[in-house]
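Each chain gets a letter, A, B and so on, in the order the sequences are listed, and its residues count up from 1. Remember, it's a predicted structure, so these values are computed and weren't measured experimentally.
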Protein chains: 2
Amino acid sequence: MTTVLVVDDEPQILRALQINLHAHGYTVVPAPNGTTALAAAQTQAIDVVVLDLGLPDMDGLEVIAGLRGWTEVPIIVLSARHGSHDKVEALDAGADDYVTKPFGLDELLARLRAATRRSGAQTEEPRVETAEFTVDLANKQVFRHGEPVRMTPTEWSVLELLVRNPGRLISQQQILTEVWGPAYAKETHYLRVYMAQLRRKLERDPAAPVHLLTEAGMGYRFAP
Amino acid sequence: MTTVLVVDDEPQILRALQINLHAHGYTVVPAPNGTTALAAAQTQAIDVVVLDLGLPDMDGLEVIAGLRGWTEVPIIVLSARHGSHDKVEALDAGADDYVTKPFGLDELLARLRAATRRSGAQTEEPRVETAEFTVDLANKQVFRHGEPVRMTPTEWSVLELLVRNPGRLISQQQILTEVWGPAYAKETHYLRVYMAQLRRKLERDPAAPVHLLTEAGMGYRFAP
DNA sequence: AGCCAGCGTAAAGAACACGTAAAAACAAGC
DNA sequence: GCTTGTTTTTACGTGTTCTTTACGCTGGCT
């Protein structure tokens with residue numbers, strides 16, 4: 001199921017999109033302004049964002065910037081302006097697509113499909129395996145030597161973030177903001193606690209980890 | 001350098017795009033029809049495709065399908081038709097973006113940037129190699145003879161700055177302000193300490209560096 | 001030749017980051 | 001309202017990194 005965050009200040013349009021997109025199989029998260037949009041994007045798993053540029057509380061470009069600060073989620077911009085300049089600004093701010101009003105529903109649906117196809121193509125990797133354990137991303141399950149291992153929600157979030165970026169160094173800040181939220185960006189101690197728990201559950205020798213590595217002062221890295 | 005495959009049957013437009021895109025730093029591979037376009041895409045490394053739908057030899061949708069059969073390269077469609085139906089068809093066939101004529105050059109450039117940004121984020125792995133070591137910018141990892149080398153945060157910052165500007169002379173002030181902050185612009189001794197550490201880790205003979213060079217009185221330079 | 005500013009190297013204490021265990025606070029289900 | 005599982009605190013020992021100090025070397029200049 002694809003979840004769409006729809007941001008529009010006009011209640012009728014918001015409602016119309018909600019109904020129509022839902023009818024076509026999408027889960028819709030509505031947001032009437034930029035603040036709630038950014039909040040919703042942080043608390044829920046959003047697959048694609050549909051954003052009207054004309055918002056009451058903040059500039060649409062700020063919303064794009066606020067999202068692009070931490071996520072690669074596709075953003076489709078809606079706007080009444082046909083001006084070339086507006087398009088350029090929105091796309092350069094980080095938007096993926098630009099649709100001018102009035103637009104047909106089928107066009108929006110096609111652009112949604114294009115956006116999710118793109119992002120889906122890069123992230124669809126159901127299973128990640130190591131010598132010691134296997135992570136099933138799709139089913140949110142972890143096996144060690146074939147036996148299922150229980151994970152708490154927080155443990156899973158941390159593990160998933162690392163495993164989805166094999167080999168890449170992930171900074172503490174990035175983990176904290178993605179798992180706990182931006183307000184927790186400095187609670188680096190949480191990470192030590194949870195990394196220890198993950199290692200206790202997944203590493204042969206938790207004191208000498210092979211797959212969940214620490215790079216002192218820099219962050220953590222998952223080595224396949 | 002980004003390479004763009006431009007497919008258009010009108011020689012003037014093809015030529016105009018070629019000149020303008022080249023002026024903005026793109027390498028342009030021109031193709032007047034679908035057959036040459038598909039052939040060119042197979043033989044050369046293409047980063048993004050700009051495709052006019054009205055081609056003499058085959059339907060534009062066939063070209064999209066022909067490309068999508070084996071590559072994920074971003075495709076931007078140009079078309080004179082404003083009809084919603086055409087857009088839907090092109091996007092569903094696998095195009096990434098749809099621009100209706102007439103369009104401004106700055107809009108096309110913005111869409112090109114958006115397309116390459118997307119694909120560049122997922123596929124391109126910025127790696128810098130020398131005879132002695134390899135620096136993986138994306139994963140923040142350094143290898144020497146295939147073996148990973150640990151870097152402290154400060155060591156990495158200095159190395160990254162130099163490696164991202166291969167061959168260029170970087171002044172001491174520039175390194176100090178970028179890594180330690182403007183207040184440290186005169187702590188040139190820090191640099192000597194860290195350059196020594198980097199050379200000890202990465203150079204065959206740290207006393208006679210080959211890649212991390214000192215330009216006395218001026219700054220430092222990374223030679224690939 | 002001798003001076004000296006800039007550079008390279010080594011080593012040590014201070015400051016900071018990390019790992020671990022266990023207790024306290026919190027939430028959800030029955 | 002109790003139980004159970006999870007998250008957040010607290011405490012402390014260890015390890016790593018940064019900064020500072022000390023000293024030797026080089027190459028240009030007088």
Original post:
When all nucleic acid strands are considered with a 4.0 Å heavy-atom cut-off, which category describes A/Trp180: base, sugar-phosphate, or nothing?
Top reply: sugar-phosphate

Original post:
Is the shortest side-chain N/O distance from B/Tyr194 to OP1 or OP2 of D/dC18 below 4.0 Å?
Top reply: yes

**OP:** Send over the distance from B/Trp156 CH2 to D/dC18 P, rounded to a whole Å.
**Re:** 14 Å

Original post:
Looking at C/dA10, D/dT16, C/dG8, which one has an atom nearest to any side-chain atom of A/Ala216?
Top reply: D/dT16

**OP:** Please report, rounded to the nearest Å, how far the P atom of C/dG19 is from the CD atom of A/Gln197.
**Re:** 13 Å

**OP:** Round to the nearest Å and state the distance from B/Leu191 atom CG to D/dC18 atom C1'.
**Re:** 14 Å

Subject >> Divergence of helical axes at both termini of the helix from C/dA1-D/dT30 to C/dC30-D/dG1 - five pairs an end, 10° steps >> reply: 30°

Original post:
Counting just side-chain N and O atoms, does B/Arg192 come under 4.0 Å of either OP1 or OP2 of C/dT9?
Top reply: no

Original post:
How about B/Tyr194 and B/Trp180: are their ring centres within less than 6.0 Å of each other?
Top reply: yes

Subject >> Length of the CZ-P vector between B/Arg199 and C/dC7, whole Å >> reply: 11 Å

**OP:** Let me see the working for A/His211 and A/Phe133 under ring-ring contact (aromatic ring centres under 6.0 Å, His included), right down to the final yes or no.
**Re:** CA-CA 10 Å; A/His211 298 114; A/Phe133 56 90; 5.4 Å; yes

Original post:
What nucleic acid atoms does B/Thr154 come within less than 4.0 Å of, heavy atoms only: base, sugar-phosphate, or nothing?
Top reply: sugar-phosphate

Original post:
What integer distance in Å separates B/Tyr190:OH from C/dC7:P?
Top reply: 17 Å

**OP:** Go through the side-chain N and O atoms of A/Arg111 and A/Thr116 and say whether any donor and acceptor fall under 3.5 Å apart.
**Re:** no

**OP:** State whether B/Asp92 and A/Arg117 are salt-bridged, where the test is any N-O pair (Lys NZ or Arg NE/NH1/NH2 against Asp/Glu carboxylate O) under 4.0 Å.
**Re:** no

Original post:
Hey, which of these two, A/Gln172 or A/Arg200, hits DNA chain C nearer its 5' end, going by closest nucleotide?
Top reply: A/Gln172

Original post:
Looking at A/Glu155 and A/Arg150, does any basic side-chain N land under 4.0 Å from a carboxylate oxygen?
Top reply: no

**OP:** Take atom CG of A/Leu176 and atom C1' of D/dT7, then tell me their distance rounded to the nearest Å.
**Re:** 14 Å

**OP:** Figure out the CE/P separation between A/Met195 and C/dA21, and round it to whole Å.
**Re:** 15 Å

**OP:** State, without any angle test, whether A/Ser79 and A/Tyr98 hold a side-chain donor-acceptor pair at a distance under 3.5 Å.
**Re:** yes

Original post:
Under 4.0 Å between a side-chain N/O of A/Arg150 and OP1 or OP2 of D/dT6, yes or no?
Top reply: yes

Subject >> Under 3.5 Å: donor-acceptor pair, side chain of B/Asp96, backbone of B/Ile75 >> reply: yes

Original post:
Reckon B/Thr188 has a side-chain N or O less than 4.0 Å from the OP1 or OP2 of C/dC7?
Top reply: no

Subject >> Atom-pair distance (NE2 on B/His189; P on C/dT9), nearest Å >> reply: 12 Å

